[in-house]
Number of protein chains: 2
Amino acid sequence: MKPSVVAIEPNGYFCSDCAVRGSAVCSSLDAAELREFEHLGRHVHFTAGETVFSEEDITTSFYNVLDGVMRLYKLLPDGRRQIVGFALPGDFLGMNISGRHNFSADAIGAVTVCQFAKVPFGRFIEDRPQLLRRINELAIRELSQARDHMVLLGRRSADEKVATFLLGWRQRLLALRGSLDTVPLPMSRQDIADYLGLTIETVSRTFTKLERHGAIEIIYGGIRLLDPARVEALAAA
Amino acid sequence: MKPSVVAIEPNGYFCSDCAVRGSAVCSSLDAAELREFEHLGRHVHFTAGETVFSEEDITTSFYNVLDGVMRLYKLLPDGRRQIVGFALPGDFLGMNISGRHNFSADAIGAVTVCQFAKVPFGRFIEDRPQLLRRINELAIRELSQARDHMVLLGRRSADEKVATFLLGWRQRLLALRGSLDTVPLPMSRQDIADYLGLTIETVSRTFTKLERHGAIEIIYGGIRLLDPARVEALAAA
DNA sequence: AAAGGCGATTGACCAAGATCAATTTTGGCG
DNA sequence: CGCCAAAATTGATCTTGGTCAATCGCCTTT
């Protein structure tokens, strides 16, 4: 919940060994640049439920997710929450133009990030258009995902929302880890509901319905996709 | 509807005189660069209802809106539509990483754009990090707006949606044209509904309700904001 | 000036999903 | 191993917004 003390590793790691080397912002850097870049970031660990940064906080750092899952969300004054995305390894967080974060980010389970102080990172980008281009690419990709999510939120039924979420989430994990027999769902039902613009009860009922129809099997911490075609049919509608 | 013949102006205009000079992508260019840039764009006119580009079209151009209003939208296979935004003068369209547009864009009323062929524009950016930085800035701003819109779509009631839309739209026009006594709404009720994830009937009823409460007055082609405080209270909720 | 047509409004009714309220399941922990 | 707390599920009922169906009003066209 509150940002408690976090472990900060000494810089005894190398970008070249990084798990997200290929997919993260730093994929645009060559070996020489990478060595310089190494001094900018430091690994920081967060435990389940910890907040990495909050909406309206002044941005002092950028983050590269290395391990774990984060929920990115916005709150209305009365407490209603909309999760605007889940961040996975390789995702880059903290870009904004107002100088403040425009959403909050919590760790779901244990998370490791590569944290960059804003100013030196900004200076490093300064004369490396490659890196800027990479950041731009990531922003544009996210924008496209955001628009897809608007369609989901504004125009799809509960069944379609849940089915689309399961397939999309599986797809992201597949891209990250290769094949999966089960689809882990580290986030709570409430998180899923707040991501899909539904209530927890509707999410739960929809899961149960999918299971009754033999499309999925609900297991601890995730689901098993028994009949992907059926789920896809539901998602397409 | 279908892209009919459009008038293309000869290059008898100057970027330095451009109506959106200060706010558009080109605001990052100096006088010398601007003169070179001038040769890249050409003004193109569209009439009401014409499609400027469609989702899944291969991207061959970027567009800078000079005049008029466009609706940006995505369609589901069964025809449901989600409007992901309205474009106004100064907005830059066409960025993507897949090489295809990820939404469609129609003119609402008459529209003039400054159109850039993708390849020469890309080359021009190549050695002008300033311009790239500006484009990045615009993408990040849009991303922030997209997230706000997700909250609206996923977590707000019909009344809140409509009130928020009216205030937000007014705000954009204010920034563009200075003070307004009335708020013009060039888009149809259906467009508003598809932007807010509602039906046309709900939008209409909500407008009527706001009018009965003395918050707005519905006039031809727009509304008059009689009681901004009341509308803001509704929007905040 | 009359007519036609399209977009907007209004009303009656309906249903998807929310809300309220128990249970049940699960996992952590003594 | 058994208890407690939190999360998830399930059921009953309600509400918001959607659907279906006229009707209205305004603008354009002849």
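As a basis for the values below, the full set of heavy atoms in this structure was taken, side chains included, without hydrogen atoms, waters or symmetry mates. Letters A, B, ... mirror the listed sequences (proteins, then strands); counts begin at 1.
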Looking at five pairs on each end of the helix from C/dA1-D/dT30 to C/dG30-D/dC1, what is the angle between the two axes, given to 10 degrees?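 The angle, to the nearest 10 degrees, is 40°.
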
Given atom CD1 of B/Ile218 and atom C1' of C/dT9, what is their separation to the nearest angstrom?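 Rounded to whole Å, this separation is 9 Å.
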
To the nearest Å, how far apart are A/Arg80 CZ and C/dA18 P?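 Spelled out: CZ on A/Arg80 to P on C/dA18 is 13 Å.
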
Give me the residues of residues 204-214 of chain A where at least one heavy atom lies under 4.0 Å from an atom of DNA chain C, by number, or none.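 By residue number: A/Arg205.
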
Close approaches to DNA chain C from residues 182-193 of chain B, in residue order (heavy atom, under 4.0 Å):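 Hits under 4.0 Å, by residue number: B/Ser188, B/Arg189.
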
Side chain to side chain donor-acceptor pair (under 3.5 Å): pairs with one or both residues in residues 87-105 of chain B, sequence neighbours excluded: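 Sorted result for residues 87-105 of chain B: A/Ser144-B/Asn102, B/Thr59-B/Asn96, B/Asp91-B/Arg172.
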
Which part of the nucleic acid, if any, lies within contact of B/Gly221, taking any heavy atom under 4.0 Å across all strands shown: a base, the sugar-phosphate backbone alone, or nothing?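 Touches nothing.
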
Neighbours of DNA chain D within residues 151-167 of chain B, by heavy-atom distance under 4.0 Å: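 B/Ser157, B/Ala158 - these, ordered by number, are the residues of the stretch whose heavy atoms sit under 4.0 Å from the strand.
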
Expected string for nucleotides 21-27 of chain C under the B/S/- scheme (protein heavy atoms, under 4.0 Å, primed atoms plus P, OP1, OP2 as sugar-phosphate) is B----SS

Polar side chain donor-acceptor pair, B/Glu50 to B/Thr47, under 3.5 angstrom: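 Short answer, yes.
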
Between [Y] and [X], is there a side-chain heavy-atom distance shorter than 4.5 Å?
{"X": "A/Tyr73", "Y": "A/Asp191", "result": "no"}
{"X": "B/Arg147", "Y": "A/Phe103", "result": "yes"}
{"X": "B/Val111", "Y": "B/His45", "result": "no"}

Which atom pair, heavy atoms only, marks the closest approach of [X] to [Y]?
{"X": "B/Phe46", "Y": "B/Thr51", "result": "CE2-O, 4.2 Å"}
{"X": "A/Lys161", "Y": "A/Arg156", "result": "CE-O, 3.4 Å"}
{"X": "A/Gly49", "Y": "A/Arg71", "result": "CA-NH2, 4.4 Å"}
{"X": "B/Leu198", "Y": "B/Ala158", "result": "CD2-CB, 3.9 Å"}

Who pairs with A/Ser61 by side chain to side chain contact (heavy atoms under 4.5 Å, CB included), at least two apart in sequence or on another chain?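 Residues passing side chain to side chain contact (heavy atoms under 4.5 Å, CB included) with A/Ser61: A/Tyr63, A/Gln115.
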
With sequence neighbours excluded, tell me which residues meet side chain to side chain contact (heavy atoms under 4.5 Å, CB included) with B/Gln190.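 In terms of side chain to side chain contact (heavy atoms under 4.5 Å, CB included), with neighbours along the sequence ignored, B/Gln190 is linked to B/Arg81, B/Ser188, B/Ala193, B/Asp194, B/Ile200.
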
Atom pair CD (A/Gln82) and CG (A/Leu196), whose distance is rounded to the nearest 0.5 Å: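 The distance works out to 8.5 Å.
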
B/Trp169 side chain to B/Val183 main-chain N or O, any donor-acceptor pair under 3.5 Å?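 Side chain of B/Trp169 to backbone of B/Val183: no pair is present.
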
Would the distance check show the side chain of A/Arg80 and the main-chain N or O of B/Arg155 forming a donor-acceptor pair, the cut-off being under 3.5 Å?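 Here the side-chain-to-backbone pair exists.
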
Got a list of side-chain donor-acceptor pairs under 3.5 Å for residues 214-232 of chain A, not counting sequence neighbours?
| from | atom 1 | to | atom 2 | distance (Å) |
| --- | --- | --- | --- | --- |
| A/Glu217 | OE1 | A/Arg224 | NE | 3.3 |
| A/Asp227 | OD1 | A/Arg230 | N | 3.2 |

Kindly write out the residues that satisfy ring pair (Phe, Tyr, Trp, His ring centres under 6.0 Å) with A/Phe62, not counting sequence neighbours, or none if the list is empty.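 Expected list: A/Phe92, A/Phe121.
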
Kindly say if A/Thr202 contacts the phosphate of C/dG17, meaning a side-chain N or O under 4.0 Å from OP1 or OP2.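 So the side-chain polar atoms of A/Thr202 never come under 4.0 Å of the phosphate oxygens OP1 or OP2 of C/dG17.
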
Quick one: how far along DNA chain D does chain B reach, first to last nucleotide 5' to 3', anything under 4.0 Å to a heavy atom?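 Nucleotide range with atoms under 4.0 Å of chain B: D/dG17 to D/dC27.
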
Can you name the residues that form a side chain to side chain donor-acceptor pair (under 3.5 Å) with A/Glu55, not counting sequence neighbours?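 So A/Glu55 forms a side chain to side chain donor-acceptor pair (under 3.5 Å) with A/Lys74.
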
Evaluate B/Phe165 against B/Leu152 for side-chain contact (heavy atoms from CB on, under 4.5 Å), listing each step before the verdict. CA-CA 9 Å; B/Phe165 165 69; B/Leu152 182 93; 6.0 Å; no

